[in-house]
Amino acid sequence: MRDIIIASQLDPSVNARLAQQAQARVIDLPAGDLSVLAPEANVLFVRPFNKAGNASTTQSAARPRGWPLQLDWIQLASVGIDFYPDWLLQGPVVTVARGTASNAIAEYVLAAIFSAAKQIPTIWLKDASPWQRPSLSLVQGSVLGLYGFGSIGRAVAQRALALGMRVVAIRRSQTPFDIEGVDAVADLNELVARADHLVLAAPATPATRHAINQHVLAQAKPGLHLINIARGSLIDDTALLTALDSGRVALATLDVTEPEPLPAGHRYYHHPRVRLSPHISPHTDQLTDALLDKFLGNLQRFRSGQPLTDVLDPARGY
């Protein structure tokens, strides 16, 4: 096998670590532009082209002349593939960063659940006038619904079960859930009808676009808490706002939207039943280490001629 030459869009300081740990040459690349891709590179480590969720901007990215050049392997610095142009995913083998942020996202979900159940931050007192004791809710015994059961769904389920929650879920495949205590439901309508807290953890695909729509929300258990840590495209915003206005959905915790960021004046910013965060759930001070560990594990397989893990299936969208 020829020498490993990695072209990477990670920060130069991270690339320096990567070069040392991989014992390979690493070429710094700017994010979002592969027109300057070094022709001698055979491995590409690429960041999302567009963090704002604008598909038209992503798909308009220029394809390098002679693509895919000498590339043998492309590593994405994310799990989702919707922030990359289609041509990038149709070259050599592509692997995704599955699992690198699952624990961080699961902790965000639990924080959102506890915040809702314990009415944080509204219970904090600032003076004597509002000294009252509202009735709080127990997390234990409540029902967690999972739309999607990949690495994130699994991490959320394990923690929810440890807290005494009941967990119901649906997934695209027919593979049985391998975590004791997770019950399958027939469809999304049943899922929203049973859940107290519904977590969206499915990939963005044509099949999941606006999965949370007027018809589905009409089946929701009154007082539903909707948590979206997947992609904004899973939600029909007009339908959700209507359900929030009516009280059918009591609270929406949204870490992702479509687009990102939302335009000024969007109702989510000021709606009393919406808690909005800037796609922050995956980001911790350990994310970079997790990305490097994921890549280095596959690099060892690549060098030894073994099959890579977490290979993208473009037909499935993840």
*Atom OH in Tyr84, atom CG in Leu76: separation rounded to 0.5 Å?*
4.5 Å
*So with a 6.0 Å cut-off around CD of Gln214, is the heavy-atom count from everything else above 12?*
no
*If you link ILVMFWY side chains whenever their heavy atoms are less than 4.5 Å apart, which other residues fall into the same cluster as Leu125? By chain and number, please.*
Trp131
_Short side-chain to backbone donor-acceptor contact, Ser277 and His279, under 3.5 Å_ = no
*Minimum heavy-atom separation for Leu146 to Ala157, with atom names?*
CD1-CB, 3.8 Å
_Are Leu262 and Ile227 linked, directly or through intermediate hydrophobic residues, by side-chain heavy-atom contacts shorter than 4.5 Å (ILVMFWY only)?_
no
*Between Asp3 and Arg25, is any pair of side-chain heavy atoms under 4.5 Å apart?*
no
*Within a reach of under 6.0 Å around CD of Gln306, are more than 12 heavy atoms found that belong to other residues, nucleotides or ligands?*
yes
_For residues Ile120 and Ile113: do they belong to one hydrophobic cluster (side chain heavy atoms under 4.5 Å, members Ile, Leu, Val, Met, Phe, Trp, Tyr)?_
no
*Sequence neighbours excluded, which residues qualify as side chain to side chain donor-acceptor pair (under 3.5 Å) partners of Asp285?*
none
*Does a side chain donor of either Gln286 or Thr284 reach within less than 3.5 Å of an acceptor in the other side chain?*
no
_Parallel, tilted or perpendicular: ring planes of Trp87 versus Phe49, cut at 30 and 60 degrees_ = perpendicular
*Which heavy-atom pair separates Leu234 from Ala202 by the least distance, and what is that distance?*
CD2-O, 3.8 Å
*Report yes if some heavy atom in the side chain of Leu37 is under 4.5 Å from a heavy atom in the side chain of Leu71; otherwise report no.*
yes
_side chain to side chain contact (heavy atoms under 4.5 Å, CB included) between Trp67 and Gln90, worked out_ = CA-CA 10 Å; Trp67 177 261; Gln90 296 167 356; over 6 Å; no
_When you measure from the side chain of Asn42 to the backbone of Ile4, do you find a donor-acceptor pair of N or O atoms at a distance under 3.5 Å?_
no
*Would you mind reporting whether Gln21 and Phe295 have side-chain heavy atoms less than 4.5 Å apart?*
no
*Any chain of hydrophobic side-chain contacts (each under 4.5 Å) joining Phe114 to Ile123?*
no
*Hey, does Glu40 have a side-chain heavy atom less than 4.5 Å from the side chain of Ile27?*
yes
*asked:* Distance check, rounded to the nearest 0.5 Å: Asp236 atom CG versus Glu258 atom CD?
replied: 10.5 Å
*Please determine, by modelled atom types, if Asp310 and Thr95 share a side-chain donor-acceptor pair under 3.5 angstrom.*
no
*asked:* Within this structure, what is the CD1-CG distance for the pair Ile229 and Leu254, rounded to the nearest 0.5 Å?
replied: 11.5 Å
_Between Asn15 and Phe45, is the side chain to side chain contact (heavy atoms under 4.5 Å, CB included) condition met? List the steps._
CA-CA 10 Å; Asn15 285 340; Phe45 204 142; over 6 Å; no
_Any side-chain heavy-atom pair of Val14 and Leu291 under 4.5 Å_ = no
*Quick one: which of Leu292, Asp28, Val26, Thr288 gives a side chain to side chain contact (heavy atoms under 4.5 Å, CB included) with Leu10?*
Leu292
*Go through the structure and list residues passing salt bridge (Lys or Arg N to Asp or Glu O under 4.0 Å) with Arg159, not counting sequence neighbours.*
none
*What residues form a salt bridge (Lys or Arg N to Asp or Glu O under 4.0 Å) with Asp72, not counting sequence neighbours?*
Arg2
*Taking side chain to side chain donor-acceptor pair (under 3.5 Å) as the test, write out the residues that go with Arg273, two or more places apart.*
none
*Is any NZ, NE, NH1 or NH2 atom of the basic residue among Arg209 and Asp82 found under 4.0 Å from an Asp or Glu carboxylate oxygen of the other?*
no
*Closest non-hydrogen atom pair, Ala117 against Val139*: CB-CG2, 3.7 Å
*So which heavy atom on Leu217 is nearest to which on Ile212, and how close?*
CD2-CG2, 3.6 Å
*Looking at CG of Leu240 and OH of Tyr268, how far apart are the two atoms once the value is rounded to the nearest 0.5 Å?*
4.0 Å
*Over all heavy atoms of both residues, which pair between Ala155 and Ser102 is shortest? Give the atoms and the distance, please.*
CB-O, 3.8 Å
_Do Leu198 and Val249 sit in one hydrophobic cluster, given that two such residues count as connected whenever their side-chain heavy atoms are within less than 4.5 Å of each other, even indirectly?_
yes
*asked:* I want to check something: taking the side chain as every heavy atom from C-beta on, are Arg267 and Val274 in contact at a cut-off of under 4.5 Å?
replied: no
*Identify, with sequence neighbours excluded, every residue that meets side-chain contact (heavy atoms from CB on, under 4.5 Å) alongside Ala290.*
Thr100
*Could you tell me whether the side chain of Arg194 reaches within less than 4.5 Å of the side chain of Gln219, counting heavy atoms only?*
no
*Is there side-chain contact between Val216 and Asn213, with heavy atoms separated by less than 4.5 Å?*
yes
*Would you name the heavy atoms of Arg303 and Ala24 that are closest together and state the gap between them?*
NH2-CB, 3.8 Å
*Look only at the side chain of Lys118 and the backbone of Leu136, and say whether a donor-acceptor pair between them is shorter than 3.5 Å.*
no
*Are Val199 and Ile235 grouped together when hydrophobic residues (ILVMFWY) are joined by side-chain heavy atoms under 4.5 angstrom apart?*
no
*Does Asp11 reach the main-chain N or O of Ser13 with its side chain, forming a donor-acceptor pair under 3.5 Å?*
no
*Which residues share a salt bridge (Lys or Arg N to Asp or Glu O under 4.0 Å) with Asp183, sequence neighbours left out*: none
*Qualifying residues under salt bridge (Lys or Arg N to Asp or Glu O under 4.0 Å), relative to Arg172, sequence neighbours excluded*: none
*With sequence neighbours left out, write down each residue that passes side-chain contact (heavy atoms from CB on, under 4.5 Å) with Val143, or none if nothing qualifies.*
Arg166, Val168, Asp196
*Keeping to residues at least two apart or across chains, list the ring-ring contact (aromatic ring centres under 6.0 Å, His included) pairs with something in residues 166-219.*
Phe149-Phe177, His197-His225
_Gap between atom CD of Glu260 and atom CG of Asp255 - 0.5 Å precision_ = 7.5 Å
_Of Leu226, Val192, Asn228, Leu188, the residue whose pairing with Tyr147 passes side chain to side chain contact (heavy atoms under 4.5 Å, CB included)_ = Leu188
*Is the CD atom of Gln300 crowded by more than 12 outside heavy atoms at less than 6.0 Å?*
no
*CD/Gln9 to CG/Leu34 distance, rounded to the nearest 0.5 angstrom?*
5.0 Å
*For Leu161, which residues count as a side-chain contact (heavy atoms from CB on, under 4.5 Å) partner, sequence neighbours excluded?*
Val167, Ile179, Val182
_Residues in side chain to side chain donor-acceptor pair (under 3.5 Å) contact with His266, at least two apart in sequence or another chain_ = none
